[in-house]
Chemist: 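First the structure, then my questions, so here it is.
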Amino acid sequence: MAPGFPSLVCAGRLSREGIEKLGEPSSFGGMKTMKMNRRNFLTMSGIVGAAIALSSFAADPVRAQEKSFRLGYSQFWGTNTFLRTQIAGAQKAMKEWETKGVKVDLIVTNGGDTDTTKQVADVEDLYTQGIDGLLIFPGDSVVLADPIKNIYNANNIPVVVTDIGLGSGDWVSYVVTANEQGGRMAADYMAKNVKPGAKVIVFDHGPAVQCIIDRNRGFEERAKELGLEVLPRKVMKLSLEDGRRTMEDTLTEIPDIAGVFFQNHAPTIGAEATLEAANRLDVKLVNFDTDPTAYRLVKEGKILGTIVQNPFEMGYVGMNSMLTKLTGGTPEKLVQLEPRLMTKDNVAEFADEPQVLDAKAK
């Protein structure tokens, strides 16, 4: 996710000439592929595919029932455990569909970890490679909507969105955590562990990201309902270091701060380091998402609680939704997954979570 997630200027309607042009060979997964315009790609694919079909299907009529699709999965911050776990879930679904005669060639792209511009370029490039459908974890709900509308929607290529929503455009399925509910859960647990009327604040790294907007709304509305004093948000970058720095500034500006809500584990870990160094572990931290380090800090009682999502299920359901659409079915338009609260009291129940185990896609 881009640092600070500013509401970036959209790229505008992209010209077909700008996207559909011959390019130089590029590498995906160690294999060389040629960037070419979609018309040439599909023409070549049709010629080659017809030749293969005539020779192989004649010899093996059972294979005539098989289907094959080339799909793209555009990730943002793709080296993160959460995103790798999504891919692992998608790959599980692919294996299950293969037993039913549906094969998938999956191209995974990583938007430069924190570069929304690169993710836009990735989405454009996937189109030129002739994909049959796009799964996407968008780094910005506004910026990534533009190529989805102007390229994929305009050419009737199905799109499935996982986790972070899009502000506009169309998709066949959106698989997401019930984020507002998760924010309310975080506020409930915070209120049980701070004094009545205590000061709490949100550290916001994604003001233009729909799922974060929903989490913040849920937390702040519920915290106010419970009588806590909700202070104006602090906007920060998505990083451990910015979590550390923002926590340092907050301790100086608001020495009686009682609790902080985060949307990701990375800045939470940085903030905890600041609190430990300042001997201020009385300040309670509640966040979304986890990894091995954040899990340990919950176990030790240094992070009060974590709202745990299910990225494996997101990828799994997302891939099933896409293949259901491509094989003539109708997937659910919206799939909301239930969040869970992890605390020191129940942390053992989460020991085998893919995020905790730092699962890598295989």
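Computed from a predicted structure; not experimentally measured.
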Chemist: Who passes ring pair (Phe, Tyr, Trp, His ring centres under 6.0 Å) against Phe261, sequence neighbours left out?
Modeler: Phe219

Chemist: How close do Gln119 and Gly139 get, heavy atom to heavy atom, and via which atoms?
Modeler: OE1-N, 2.8 Å

Chemist: Got a sec, which pairs hit salt bridge (Lys or Arg N to Asp or Glu O under 4.0 Å) with one end in residues 165-177, sequence neighbours left out?
Modeler: Asp170-Lys333

Chemist: Supply the members, apart from Ile213, of the Ile/Leu/Val/Met/Phe/Trp/Tyr cluster built from side-chain contacts under 4.5 Å; use none for a lone residue.
Modeler: none

Chemist: To check you understand the geometry: which heavy-atom pair defines the closest contact between Arg215 and Gln263, and what is its length?
Modeler: NH1-O, 3.1 Å

Chemist: Do the charged groups of Glu300 and Arg296 touch, with an N to O distance under 4.0 Å?
Modeler: yes

Chemist: Which atom pair, heavy atoms only, marks the closest approach of Asp140 to Val143?
Modeler: OD1-N, 3.0 Å

Chemist: How long is the gap from CE on Met185 to CD on Glu338, to the nearest 0.5 Å?
Modeler: 8.0 Å

Chemist: Is any side-chain heavy atom of Tyr127 less than 4.5 Å from a side-chain heavy atom of Ile157?
Modeler: yes

Chemist: Could you tell me whether the side chain of Glu353 reaches within less than 4.5 Å of the side chain of Arg340, counting heavy atoms only?
Modeler: yes

Chemist: Taking only residues two or more places apart in sequence, or in another chain, which ones meet Arg233 in a salt bridge (Lys or Arg N to Asp or Glu O under 4.0 Å)?
Modeler: Asp204, Glu220

Chemist: Does the distance from a Lys or Arg side-chain N to an Asp or Glu carboxylate O, for Arg70 and Asp132, drop under 4.0 Å?
Modeler: no

Chemist: Kindly indicate whether a cation-pi arrangement holds for Lys234 with Phe203, taking the cut-offs as under 6.0 Å to the six-membered ring centre and within 45° of the axis.
Modeler: no

Chemist: Short question: side chain of Thr81, backbone of Asp291 - any donor-acceptor pair under 3.5 Å?
Modeler: no

Chemist: Between the side chain of Asp282 and the main-chain N/O of Lys284, is any donor-acceptor distance below 3.5 Å?
Modeler: no

Chemist: Specify the closest pair of heavy atoms between Met190 and Val286, including all atoms of both residues, with the distance to one decimal.
Modeler: CE-CG2, 3.8 Å

Chemist: Does Glu313 offer a backbone N or O that forms a donor-acceptor pair with the side chain of Asn310 under 3.5 Å?
Modeler: yes

Chemist: Could you give the distance from CG (Asn179) to SG (Cys211), rounded to the nearest 0.5 Å?
Modeler: 5.0 Å

Chemist: Under a 3.5 Å threshold, yes or no: a donor from one side chain and an acceptor from the other, between Thr327 and Lys67?
Modeler: no

Chemist: Could you grab the distance from atom OG1 of Thr274 to atom CD of Glu272, nearest 0.5 Å is fine?
Modeler: 9.0 Å

Chemist: Between Arg244 and Glu241, is there a side-chain N and carboxylate O pair less than 4.0 Å apart?
Modeler: yes

Chemist: Classify the ring geometry of Tyr174 against Trp171: parallel below 30°, tilted from 30° to 60°, perpendicular beyond 60°.
Modeler: perpendicular

Chemist: Would you check if Phe350 and Thr290 make a side-chain contact, meaning some heavy-atom pair closer than 4.5 Å?
Modeler: no

Chemist: More than 12 foreign heavy atoms under 6.0 Å from CD of Glu229: is that the case here?
Modeler: yes

Chemist: Is there a side chain to side chain donor-acceptor pair (under 3.5 Å) between Gln86 and Asp163 once you walk through the steps?
Modeler: CA-CA 10 Å; Gln86 275 192 2; Asp163 191 28; 4.6 Å; no

Chemist: Taking side chain as C-beta onward, heavy atoms only, is Pro311 less than 4.5 Å from Gln355?
Modeler: yes

Chemist: Does Lys302 pair with Glu276 as a salt bridge, N-O distance under 4.0 Å?
Modeler: yes

Chemist: Verify whether one side chain among Thr109 and Gln75 offers a donor that lies under 3.5 Å from an acceptor in the other.
Modeler: no

Chemist: Are the side chains of Val308 and Pro339 in contact, using a 4.5 Å heavy-atom criterion?
Modeler: no

Chemist: Rounded to the nearest 0.5 Å, what separation is found between the OG1 atom of Thr177 and the CD1 atom of Ile307?
Modeler: 10.5 Å

Chemist: Check Ile201 against Pro232 and note the closest heavy-atom contact, atom names and distance.
Modeler: CD1-O, 3.3 Å

Chemist: What is the distance from atom CD of Gln91 to atom CD of Glu96, rounded to the nearest 0.5 Å?
Modeler: 12.5 Å

Chemist: Within a strict 4.5 Å, meaning less than it, do heavy atoms of the Gln309 and Phe82 side chains meet?
Modeler: yes

Chemist: Can you pull the side chain to side chain donor-acceptor pair (under 3.5 Å) pairs that have at least one residue in residues 186-197, sequence neighbours excluded?
Modeler: Asp188-Arg222

Chemist: Which residues pass the ring pair (Phe, Tyr, Trp, His ring centres under 6.0 Å) test with Tyr73, not counting sequence neighbours?
Modeler: none

Chemist: So, does Asn155 use its side chain to make a donor-acceptor pair with the main chain of Ile151 at under 3.5 Å?
Modeler: yes

Chemist: How far does CZ of Phe262 sit from CD1 of Ile303, to the nearest 0.5 angstrom?
Modeler: 8.5 Å

